[in-house]
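What follows is a single structure, written as structure tokens, with notes after it.
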Amino acid sequence: MAEVLLKCISKRLGATSIIDCLTLDIGNGEFITLLGPSGCGKTTLLKMIAGLETIDKGDLYIGGKRYNDLPAQNRKLAMVFQSYALFPHMSVAQNVKFGLSINKVPAETSRKKLSWAIDMFELSGLEDRLPREISGGQRQRVALARALVLDPDVLLLDEPLSNLDAALRETAMEELKRIHSQVGTTIIYVTHNQVEAMTMSQRIAVLSKGRLEQYDTPRTVYDSPATRFSASFIGSPAMNFFAGKVEVHGEDAGVVTPVGFIKLDKERFAPLQAMTGRPVTVGIRPQNIAYAEHHESKRYSDTMLSVSVELIETLGDRSLVVSRGENGTPLRFLITRDIAIEPQEMVDVFVDGRRVHLFDLDTDKNVFYS
Amino acid sequence: MRMAVPDPSLHIKRAKTALWAAALASAVLLVVVPVYLLVKYSISDAASINTGGAPIPLWPYHPTFRSFTYLFSDAHFYGVIINSLIIAVCTVGLSMCLGVPAAYVLGRFRVPGRRLLLLGLISVRLFPDIASVIPITEFFIRLRLQNTYAGAILAHTLLALPYVIFIGMSAFESIPADLDQQARVLGANRFSVFFRILLPLAVPGLVAAAIYTFLLSWDEFIFAYFILGLGKISTLTLYLKQKLAYSPPQNLLAAISVLLSLPVIVFSLMLQKYMTTGITTGSVK
């Protein structure tokens with residue numbers, strides 16, 4: 001177990017920057033996720049921590065020691081690849097023991113570790129099978145077992161669940177959480193799947209184009225996205241965005257948007273007043289727009305809008321309504337499935353002013369994020 | 001009521017099947033007939049060859065292994081087989097020692113000028129053997145390699161090496177890079193990665209390359225002839241040529257040919273087993 005510290009880590013590939021001065025601190029025993037779309041540099045970053053990719057600039061500290069120039073095989077880390085990378089010519093037991101035998105762990109300890117891992121990952125009966133003779137879920141567990149028998153300081157996981165089907169993925173997520181709470185290893189988890197990031201990790205590092213967009217708890221990342229990217233990448237269905245301008249109408253401070261004036265909460269009145277006239281990007285989650293008839297308590301900060309329903313997508317317990325507001329501006333919101341509205345209908349919705357996010361036009365940063 | 005009118009497309013289908021069968025049969029004949037003739041002649045008695053005008057029988061009147069017993073009673077013939085074996089085995093050893101590391105590096109690392117290197121390698125085999133044999137023999141004579149095992153082994157290695165490198169390279173290339181990286185993260189240095197992960201996984205391809213090299217050396221005539229001549233060290237192919245010069249009975253020549261092709265047939269069957277892919281399935285994904 002160890003803490004990991006990345007200090008302005010950079011990597012270039014020719015003229016393109018893969019990782020751009022990225023700083024990240026990961027606490028001892030913490031489970032964090034590097035979240036971002038493909039090509040954002042998250043796997044490269046993981047491989048830089050593992051020592052499989054060189055670090056062009058910046059410093060990497062693990063457990064207080066500078067690791068930049070330490071070869072991969074001398075770092076006390078373990079990694080599970082997206083492909084699991086099981087050695088095809090070795091049995092399950094040989095795969096699990098590979099790291100132990102390479103590191104010349106005494107036979108007695110090695111045997112104990114193996115039986116611990118077989119138990120922990122429910123692999124008993126599979127010891128002598130070859131990787132091609134076991135299922136995808138079992139392969140994933142073998143890969144995890146092989147990594148964890150080494151008691152690594154840090155466990156690096158590169159999209160380990162992406163090859164599993166939906167049902168198996170859910171069990172695997174619970175499994176990973178359980179394992180983390182039992183062994184307490186520092187875990188760095190790479191994924192493009194926000195559900196995995198949200199469910200499992202204590203903190204999420206949102207990455208885009210090799211830059212850190214936000215690094216915070218899943219809740220904070222969801223509730224107060226630091227940047228427009230962070231806001232658009234996390235949350236499902238995707239956030240509504242409009243161009244807007246800050247204005248104060250008497251007692252109310254808010255933004256003028258193509259769908260009309262949207263009020264913000266009272267707490268933000270003073271700062272909004274100070275930035276009157278400033279053009280911004282307005283972001284509102286579909287979850288924060290409520291169908292008026294179903295709206296129990298009308299709050300001060302709610303703004304009512306009239307929209308025409310275009311189509312309704314059933315999501316199961318809820319439905320996503322794709323509608324158009326004034327000037328044909330698209331607006332998406334969620335309704336419970338017992339609400340019967342039809343396409344072409346005009347309906348009223350309330351926008352929750354406390355959950356309206358404003359982003360700077362140039363920097364795409366949340367104007368209220370500190 | 002439905003009339004029993006034959007479907008016209010059925011005729012076309014049948015004709016196609018017949019055509020395919022005919023094509024396959026002729027292909028099989030093309031392979032089988034020479035082998036049949038060879039075996040038949042090797043076990044023929046003299047009367048079945050010199051029939052005195054009567055048609056040559058499809059199967060010998062009195063099949064006999066006399067040609068083989070004659071060959072194996074010739075002490076010189078044993079020496080020839082041993083020579084061929086020594087040269088072939090040493091060629092395999094040398095080609096693998098030189099070729100496998102080269103194949104590993106070319107298949108696993110970004111080597112500057114890789115394409116040019118590969119082109120240079122294959123260019124050795126772009127010329128017909130008969131064209132390259134003269135300068136090489138000249139060169140070998142100057143190095144005093146003429147009439148030596150070393151000369152024949154080096155010449156055969158020269159011929160086999162490009163194949164060993166190319167086959168070996170694709171064997172190493174087909175191993176997912178994740179496996180090396182995974183082994184390294186688990187604590188293996190490059191040496192262990194090579195011997196514990198890459199080499200075992202490349203074995204099928206490398207065995208194929210080794211068998212190919214063995215056969216190449218075993219069958220090789222032109223270089224053996226120029227470098228060893230008809231001197232002290234004689235190989236099977238040279239022995240055959242030597243016997244031909246004395247217009248020997250056809251059954252004896254056929255017997256030598258059978259012995260010459262035996263390892264080819266045996267190894268080809270083994271090669272098929274090793275050529276089967278799928279060893280790396282289950283490692284990734």
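Below, chains carry the letters A, B, ... as their sequence lines are ordered, and counting in each starts from 1.
For A:Asn103, the part lying under 4.5 angstrom from a heavy atom of chain B is the side chain only.
No other option in A:Arg75, A:Lys76, A:Lys47 has as many heavy-atom pairs under 4.5 Å with chain B as A:Lys47.
Residues that satisfy the salt bridge (charged side-chain N to carboxylate O under 4.0 Å, His left out) test with A:Lys11, not counting sequence neighbours, are A:Glu53.
Sequence neighbours left out, the pairs with a member in residues 23-45 of chain A that pass salt bridge (charged side-chain N to carboxylate O under 4.0 Å, His left out) are A:Asp25-A:Arg203, A:Glu30-A:Arg203, A:Lys42-A:Glu159. For the salt bridge (charged side-chain N to carboxylate O under 4.0 Å, His left out) condition, no pair includes a residue of residues 118-127 of chain A, sequence neighbours left out.
Below 4.5 Å, heavy atoms of chain A meet heavy atoms from B:Arg184, B:Val185, B:Leu186, B:Gly187, B:Ala188, B:Asn189, B:Ser192, B:Arg196, B:Ile197, all part of residues 184-198 of chain B.
A:Phe87 is listed as a side-chain neighbour of B:Gln182, based on a closest heavy-atom distance under 4.5 Å.
Counted within 6.0 Å of OH on B:Tyr149, heavy atoms from surrounding residues, nucleotides or ligands total more than 12; the atom is thus considered enclosed.
If you take CG on B:Asp178 and CE on A:Met79, they are separated by 8.0 Å, rounding to the nearest 0.5 Å.
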